[in-house]
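Notes follow once the structure below has been shown.
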2 protein chains.
Amino acid sequence: MADDVFKALADPTRRTILDELSERNGQTLFEICARLTTRHGLGLSRQAISQHLAVLEAAGLVRTRREGRYKFHDLNTEPLEQIATRWLRRDPPPEAP
Amino acid sequence: MADDVFKALADPTRRTILDELSERNGQTLFEICARLTTRHGLGLSRQAISQHLAVLEAAGLVRTRREGRYKFHDLNTEPLEQIATRWLRRDPPPEAP
DNA sequence: ACGATAAGCAAGTCGGCACTTGCATGTCTA
DNA sequence: TAGACATGCAAGTGCCGACTTGCTTATCGT
């Protein structure tokens, strides 16, 4: 469960995809490919991005909805809220006195 | 920077080590080996744990202090507080009303 | 000083992951 | 319906990471 999330976040390309979806939700595969190339300088094949999206979806970090021949990808931050607080049991340090 | 943290968290054994250090801070390598074996059922060699600790230390998640022939390992949650909020722009939910 | 204890170093093996290549499926437009 | 467009599936390749094995270094107790 959490294992999938951590492994999904291990790849820098996938994290960039999450950044991109965080900025503009509901993009298609081709949109993500284009924006990764132009804005982030990544030269990856379409299938590579597709596989990354599959990993992100399997981890629950991305939700997909199909409309005709388009498949839109939405960011889902729910799994993130749980894994981060795993070792942060104590409240964030308020301020130094 | 953040890349090291995410890659360090990708391995389940390293996450278990963080769990162990979170519960009892300042353990030596042998202590961690023993507790991983007895409490978590992991049968790993001492060198394997040592290499994992090196990765965690390189990521800044573990600080070490040397005293004689002992080397104590302390958990450092500082890198964690930054990476989690990367896609969580909104503040952490305070409490449900 | 000697042996025991705690840790470090280096090379080698093995499996998994990222990426590519090629082809197949489904869907809209003209 | 034909062709272009958006996506899916599957097999193959190459590299990095996890783990082991063997040896070495350093510190403590007796």
Side-chain angles (χ1 to χ4, degrees), chain A residues 2-21 24-38 40-59 61-74, chain B residues 1-21 24-38 40-74:
Chain A
D3 190 78
D4 298 329
V5 179
F6 280 111
K7 283 191 177 176
L9 294 175
D11 189 86
T13 302
R14 285 196 286 267
R15 293 197 298 271
T16 307
I17 293 178
L18 293 183
D19 290 336
E20 190 55 47
L21 287 179
R24 172 188 284 219
N25 222 6
Q27 298 189 53
T28 71
L29 172 59
F30 269 35
E31 285 181 281
I32 297 174
C33 283
R35 292 175 70 111
L36 283 185
T37 304
T38 60
H40 299 92
L42 299 180
L44 290 173
S45 72
R46 176 181 57 85
Q47 289 81 353
I49 311 290
S50 178
Q51 288 169 2
H52 281 307
L53 285 172
V55 174
L56 289 172
E57 187 176 4
L61 292 166
V62 163
R63 300 280 172 94
T64 61
R65 49 193 164 88
R66 188 116 203 188
E67 291 185 14
R69 61 175 161 177
Y70 298 105
K71 188 179 182 183
F72 299 103
H73 302 265
D74 297 291
Chain B
M1 186 78 200
D3 190 79
D4 297 328
V5 179
F6 281 111
K7 285 190 175 176
L9 294 176
D11 188 87
T13 302
R14 284 195 286 268
R15 294 197 298 273
T16 307
I17 292 178
L18 292 183
D19 290 335
E20 190 55 49
L21 286 179
R24 172 189 284 220
N25 222 5
Q27 298 188 52
T28 70
L29 172 59
F30 270 37
E31 283 181 283
I32 296 174
C33 282
R35 292 175 69 110
L36 283 185
T37 304
T38 60
H40 299 91
L42 299 181
L44 289 173
S45 70
R46 177 180 56 86
Q47 289 80 355
I49 310 290
S50 178
Q51 287 169 3
H52 281 307
L53 286 172
V55 174
L56 290 172
E57 187 176 5
L61 291 167
V62 163
R63 300 280 172 95
T64 61
R65 49 193 163 88
R66 188 115 204 188
E67 291 185 14
R69 60 176 161 176
Y70 298 105
K71 188 179 182 182
F72 299 104
H73 302 264
D74 298 290

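Numbered from 1 within each chain, the chains take letters A, B, ... in sequence-line order. Computation of the quantities below employed the complete heavy-atom set of this structure, encompassing side-chain atoms and omitting hydrogens, waters and symmetry-equivalent molecules.
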Closest listed nucleotide, where the reference is the side chain of [X] and the choices are [options]:
X	options	answer
B:Y70	D:dT7, C:dT20, C:dA6	C:dA6
B:K71	C:dT20, D:dC19, C:dA7	C:dA7
B:T13	D:dA18, D:dC19, C:dA7	D:dC19

Let me know the distance between [atom1] of [X] and [atom2] of [N], rounded to the nearest Å.
X	N	atom1	atom2	value
B:L9	D:dA18	CG	P	12 Å
B:L29	D:dA26	CG	P	18 Å
A:D4	C:dC17	CG	C1'	14 Å
B:Q47	C:dT13	CD	C1'	15 Å
B:L44	D:dG17	CG	P	18 Å
B:Q27	C:dA7	CD	C1'	16 Å
B:K7	D:dC15	NZ	C1'	11 Å
A:R14	C:dC19	CZ	P	8 Å

| said: With a cut-off of less than 4.0 Å, is there a side-chain N or O of B:S45 near OP1 or OP2 of D:dT20? | reply: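 For D:dT20, OP1 or OP2 has a side-chain N or O of B:S45 closer than 4.0 Å.
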Hey, could you give me the [atom1]/[atom2] distance between [X] and [Y], rounded to the nearest 0.5 Å?
X	Y	atom1	atom2	value
A:N25	A:R63	CG	CZ	12.0 Å
B:L29	B:I17	CG	CD1	9.0 Å
B:H52	B:L44	NE2	CG	6.0 Å
A:E31	A:H73	CD	NE2	9.5 Å

| task | Would you state whether a donor and an acceptor, one from the side chain of A:R46 and one from the base of D:dA6, lie under 3.5 Å apart? | result |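 Side chain to base: no pair present.
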| query | Looking only at N and O atoms, is any donor in the side chain of B:R69 or the base of D:dG29 less than 3.5 Å from an acceptor on the other one? | reply |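 A donor-acceptor contact between them is absent.
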| field | Sugar-phosphate only, base, or nothing, as touched by B:F30 at under 4.0 Å among non-hydrogen atoms | value |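 The residue B:F30 makes sugar-phosphate contact but no base contact.
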Keeping [X] on the side-chain end and [Y] on the backbone end, is there a donor-acceptor pair under 3.5 Å?
X	Y	result
A:R15	A:L9	yes
B:S50	B:R46	no
B:T28	B:K71	no

| query | Side-chain contact, heavy-atom cut-off 4.5 Å: A:L21 with A:I32? | reply |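 In contact.
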| query | Any side-chain heavy atom of B:L18 sitting closer than 4.5 Å to one from B:V62? | reply |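 Yes, close enough: below the 4.5 Å cut-off.
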| Close approaches to DNA chain D from residues 49-68 of chain B, in residue order (heavy atom, under 4.0 Å) |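 Those residues whose heavy atoms fall under 4.0 Å from DNA chain D, taken from residues 49-68 of chain B in numerical order, are B:Q51, B:H52, B:G68.
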| field | Contiguous Watson-Crick or G-U pair runs (3 or more, under 3.5 Å) in DNA chain D | value |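 Looking at DNA chain D, the stems formed by three or more consecutive pairs are C:1-30 with D:1-30.
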| Which atom of A:R14 lies closest to which atom of A:A8, heavy atoms considered |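 Minimum heavy-atom separation between A:R14 and A:A8: NE-O, 2.7 Å.
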